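Take a look at the structure set out below.
All of these numbers come straight from a predicted model, not from anything done at the bench.
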Amino acid sequence: DGVPPELVRQRIDVLYGKRDHLTIESNQAILARISNLLQQAFSLFDILAIIAILVGFFGITNTMTMNVIERTQEIGMLRGVGMTRGQVLRMILAEAAIMGVIGGLIGLVFGVILSQIFLQAMTAMSGYAITYALPSERLWLAMLIAVLVANLAAILPAARGARIKILEAIQYE
């Protein structure tokens, strides 16, 4: 008691370090190293999330483009009975938003499960108890991002659908 930890570390190193091939670290150094490793792992997950967002973006763009092409006659008929270009645009964006909500919910479920598994593995490997925290703000932010990405991905297909000419659309096969 009362001896600075650095002096204790030096004394152990002098007495036993070379002979027993010891590496002596304080709890603070070990915790800092574990924190650094966790931060690196979470950075990797951030990169994976960006890749997933890009894949989702292009998937929704493709899906909505094909949807507009396949429904050209239907959109033409809706325009023929009075639907405005703006309503067509909003209809397609609403469909994309629903896709974003469904995709976001599925992503959140799997994300929560995988994060719990990851933290249990890190706890087992490090020997330190790492508590799981699920911030509700991040869940809402993730859902908002999913809907925004879906709507951004659907802008071009929605604009294409809104530009459909009624007569050409009804004759389209």
Side-chain angles (χ1 to χ4, degrees), residues 1-68 89-160:
D1 282 341
V3 179
E6 184 58 31
L7 288 176
V8 173
R9 188 198 68 74
Q10 287 175 355
R11 182 76 176 144
I12 292 171
D13 192 31
V14 167
L15 292 175
Y16 306 106
K18 288 186 176 45
R19 182 184 75 191
D20 293 331
H21 304 291
L22 296 177
T23 301
I24 301 154
E25 290 186 86
S26 67
N27 275 345
Q28 290 81 14
I30 293 171
L31 286 174
R33 195 157 30 109
I34 290 171
S35 176
N36 186 30
L37 288 172
L38 282 172
Q39 194 61 36
Q40 289 174 354
F42 286 126
S43 295
L44 177 66
F45 284 125
D46 290 342
I47 292 169
L48 290 173
I50 291 170
I51 292 170
I53 287 171
L54 287 173
V55 168
F57 178 89
F58 290 119
I60 290 172
T61 300
N62 182 47
T63 301
M64 296 310 294
T65 300
M66 295 306 296
N67 189 7
V68 167
L89 185 79
R90 285 191 301 274
M91 176 184 73
I92 295 170
L93 290 177
E95 292 171 6
I98 291 170
M99 288 175 67
V101 168
I102 292 169
L105 288 173
I106 292 170
L108 283 177
V109 167
F110 282 106
V112 167
I113 292 169
L114 288 175
S115 66
Q116 288 178 342
I117 291 169
F118 177 74
L119 283 178
Q120 287 177 355
M122 290 302 292
T123 299
M125 287 174 22
S126 69
Y128 289 96
I130 302 171
T131 57
Y132 184 77
L134 186 63
S136 61
E137 317 84 49
R138 294 286 177 113
L139 296 177
W140 290 112
L141 179 64
M143 286 303 296
L144 178 66
I145 290 171
V147 172
L148 286 175
V149 167
N151 274 332
L152 286 174
I155 287 176
L156 290 177
R160 179 182 177 154

task: Applying side-chain hydrogen bond (donor to acceptor under 3.5 Å, both in side chains), name anything that partners Tyr132, two or more places apart in sequence or on another chain.
output: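 Tyr132 satisfies side-chain hydrogen bond (donor to acceptor under 3.5 Å, both in side chains) with Ser115 only.
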message: Test of understanding: with side-chain hydrogen bond (donor to acceptor under 3.5 Å, both in side chains), list the residues that count as partners of Arg11, not counting sequence neighbours.
response: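 For Arg11, no residue satisfies side-chain hydrogen bond (donor to acceptor under 3.5 Å, both in side chains) once neighbours in sequence are set aside.
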Is the shortest heavy-atom distance from the side chain of [X] to the side chain of [Y] under 4.5 Å?
X      : Y     : answer
Ile102 : Met99 : no
Leu156 : Thr61 : no
Leu44  : Gln40 : no
Leu93  : Arg90 : no

Measure the spacing between [atom1] of [X] and [atom2] of [Y] and express it to the nearest 0.5 Å.
X      : Y     : atom1 : atom2 : answer
Gln10  : Leu15 : CD    : CG    : 11.5 Å
Leu114 : Leu48 : CG    : CG    : 10.5 Å
Leu89  : Met91 : CG    : CE    : 9.5 Å

Which atom of [X] lies closest to which atom of [Y], heavy atoms considered:
X      : Y      : result
Ile30  : Glu25  : CG1-CB, 4.0 Å
Leu108 : Ala142 : CD2-CB, 3.7 Å
Ala133 : Pro135 : O-CD, 3.3 Å
Ala96  : Ala150 : O-CB, 3.2 Å
Pro157 : Val68  : O-CG2, 3.5 Å

Name all residues meeting the side-chain contact (heavy atoms from CB on, under 4.5 Å) criterion together with [X]; count only those two or more places apart in sequence or in a different chain, and write none if there are none.
X      : value
Asp13  : Arg9, Ile24
Leu152 : Phe57, Ile155
Ala146 : none
Ile53  : Ile145, Val149

- request: Please report the C-alpha distance between Gln116 and Leu119 in whole Å, then the side-chain angles of each, then the deciding distance to 0.1 Å, and finally whether the side chain to side chain contact (heavy atoms under 4.5 Å, CB included) criterion is met.
  value: CA-CA 5 Å; Gln116 288 178 342; Leu119 283 178; 6.0 Å; no
field: Intermediate values then yes/no, side chain to side chain contact (heavy atoms under 4.5 Å, CB included), Ile92 and Arg160
entry: CA-CA 10 Å; Ile92 295 170; Arg160 179 182 177 154; over 6 Å; no
